[in-house]
**Student:** 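Take this structure first; my questions come after.
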2 protein chains.
Amino acid sequence: MRKEAMERRNEILDAADELFGQKGFDGTSTNDILEKVGIARGTLYYHFKSKEDIMDALIERYNTQILGSAKEIASNKNIPVHERIVRVVMALNISGGNGKEIIDHIHKPQNALMHQKIQKVIINGLPPILTEIIREGIEQGLFSTPYPYECMEMIVAYTNTVFDDDMVDLTDEERAARIPAFIFNVERLLGVESGSLMYMMKMFGNGGED
Amino acid sequence: MRKEAMERRNEILDAADELFGQKGFDGTSTNDILEKVGIARGTLYYHFKSKEDIMDALIERYNTQILGSAKEIASNKNIPVHERIVRVVMALNISGGNGKEIIDHIHKPQNALMHQKIQKVIINGLPPILTEIIREGIEQGLFSTPYPYECMEMIVAYTNTVFDDDMVDLTDEERAARIPAFIFNVERLLGVESGSLMYMMKMFGNGGED
DNA sequence: CCTAACTAGACCGACAGTCTGTCGATAAAA
DNA sequence: TTTTATCGACAGACTGTCGGTCTAGTTAGG
């Protein structure tokens, strides 16, 4: 019955993760979590100070998972710049083997608050990582912009809102139509010739969040 | 005591509007609303089927207020294109005399769900309006882009996320630094010469949401 | 024309059920 | 013995429901 604090904590987080995914944050009661983990009320509140505290811990976990592998790839200067951008972005969807599921279930309409918090992590965490790569690209004469950070911020804000979110309800065709337009716009922002970033299409390959 | 259904409905919405603004959606109990309006529980649920139903009605109201005046200005072809864009955007902040307050109190951290719903209205409602103006501008040779809609979508997504939201925590200086960068990026997206949209600075004038 | 019966819409408030967070007691480990 | 983890009863709050009430207006009958 008795476990190390960290172990219990993670059990609780695992249960919450799954339940929030199924029923949303508001739709999940602490009792649901209690039952799933097989502990008593007091135990839950021994490890977490509130229900929202559980969510925050969960987000902290996501944060690490999602941005961690992205950072790692971004810092590998052996990979050519273009390739590295693609890999960083694609890492977001599958990082830790379950990034995609994370992103999937965050998009449940019930999870407004969690969703917002994750978005915040991404919009603040991803642009710095990408900007570093872009700067390298600028040095190499691949890109040209006086505002690499703000460029990345704009791009991330857009993909977060339009591609990742259910903010804009896109049919498959609408979605497909957005992609070349998006790439065209990115090309302009980065000051490169039209068509030269078409290789980025592959980032939107299957299902293609981000 | 007895009122027309519509009048009561509006009284309830007015109270909810103010209370949600002060304490957030979750932080406001139906009892708070009851008390403020001076009605009984049953009356509230006679007019609205749930608490969330109240929020949805509130958003419908915002929707009309915020996008209504924007549309009106956008369709006035007597105003030159550049000027009209500025006016449309500025209308968002003050429409109906209280658009600004709406936007202000939606940004309270408690109001994630309401915030999300409003964002959805804007990201879906504003780009079509702006795109029409941009198309006119393209015909007049002022702008040049094959993807006016997606441009506007990107711009709106960005301002919503970075300028309007508390997604990115900006100091005043950071905020000020973002503005020229933003304008530069918009210039690139719209295919105009660098510096030619600097007049848009004024949209960010005082406090400057959007 | 007047009044009694009726109707439907607005309103009331007690109540059931649920949910979160607390607390003192308890057991196990260190 | 002290610390760490666990338990479960409980207080307090909140949402949505339901049977019943009140009133304005309408219809019917005298």
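All figures in this text were calculated on a predicted structure; none of them were measured in a lab. The sequence lines fix the lettering, A, B, ..., with proteins before strands; numbering per chain opens at 1.
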**Student:** Would you jot down, in residue-number order, the residues of residues 46-60 of chain B having a non-hydrogen atom under 4.0 Å from DNA chain C?
**Tutor:** B:Tyr46, B:His47
**Student:** Classify the angle between the aromatic ring planes of A:Phe182 and A:Tyr158 as parallel (below 30°), tilted (30 to 60°) or perpendicular (above 60°).
**Tutor:** parallel
**Student:** Show me the side-chain donor-acceptor pairs of residues 1-8 of chain B shorter than 3.5 Å, one per line, residues at least two apart or across chains.
**Tutor:**
residue	atom	partner	partner atom	Å
B:Lys3	NZ	B:Glu11	OE2	2.3
B:Arg8	NE	B:Glu11	OE1	3.2
B:Arg8	NH1	B:Met1	O	3.4

**Student:** What residues from residues 29-43 of chain B pass a heavy-atom cutoff of under 4.0 Å to DNA chain C?
**Tutor:** B:Ile39, B:Ala40, B:Arg41, B:Gly42, B:Thr43
**Student:** Can you work out whether B:Thr28 or A:Arg2 has the more 5'-proximal nearest nucleotide on DNA chain D?
**Tutor:** A:Arg2
**Student:** Return the value, rounded to whole Å, for the distance between atom CD1 of A:Ile12 and atom C1' of D:dT6.
**Tutor:** 11 Å
**Student:** Does a side-chain N-to-carboxylate-O contact under 4.0 Å join A:Glu174 and A:Arg178?
**Tutor:** no
**Student:** Rounded to the Å, how far apart are B:Glu7 CD and C:dG9 P?
**Tutor:** 18 Å
**Student:** Output the rounded distance in Å from CD (B:Glu4) to P (C:dC11).
**Tutor:** 10 Å
**Student:** Taking B:Arg188 first and then A:Glu187, would you say they form a salt bridge - that is, a charged N and a carboxylate O separated by under 4.0 Å?
**Tutor:** no
**Student:** Can you tell me how far C1' of C:dA10 sits from CG of B:Leu44, to the nearest Å?
**Tutor:** 13 Å
**Student:** Between A:His115 and A:Phe25, is the ring centroid distance below 6.0 Å?
**Tutor:** no
**Student:** Round to a whole Å and report the spacing from OH of A:Tyr45 to C1' of C:dG21.
**Tutor:** 5 Å
**Student:** Between atom CZ in A:Arg8 and atom P in C:dA28, what is the gap in whole Å?
**Tutor:** 14 Å
**Student:** Does any pair with a residue in residues 123-135 of chain B pass side chain to side chain donor-acceptor pair (under 3.5 Å), and if so which ones, sequence neighbours excluded?
**Tutor:** none
**Student:** Roughly how many Å is it from CG in B:Asp26 to P in C:dC19, rounded to a whole number?
**Tutor:** 15 Å
**Student:** Which residues pass the side chain to side chain donor-acceptor pair (under 3.5 Å) test with B:Arg61, sequence neighbours left out?
**Tutor:** B:Asp14
**Student:** Indicate the atoms forming the closest heavy-atom contact of B:Leu67 with B:Gly125, along with that distance.
**Tutor:** CD1-CA, 3.8 Å
**Student:** Output every pair passing salt bridge (charged side-chain N to carboxylate O under 4.0 Å, His left out) with a member in residues 66-81 of chain A, not counting sequence neighbours, ordered by first then second residue.
**Tutor:** A:Lys77-A:Glu136
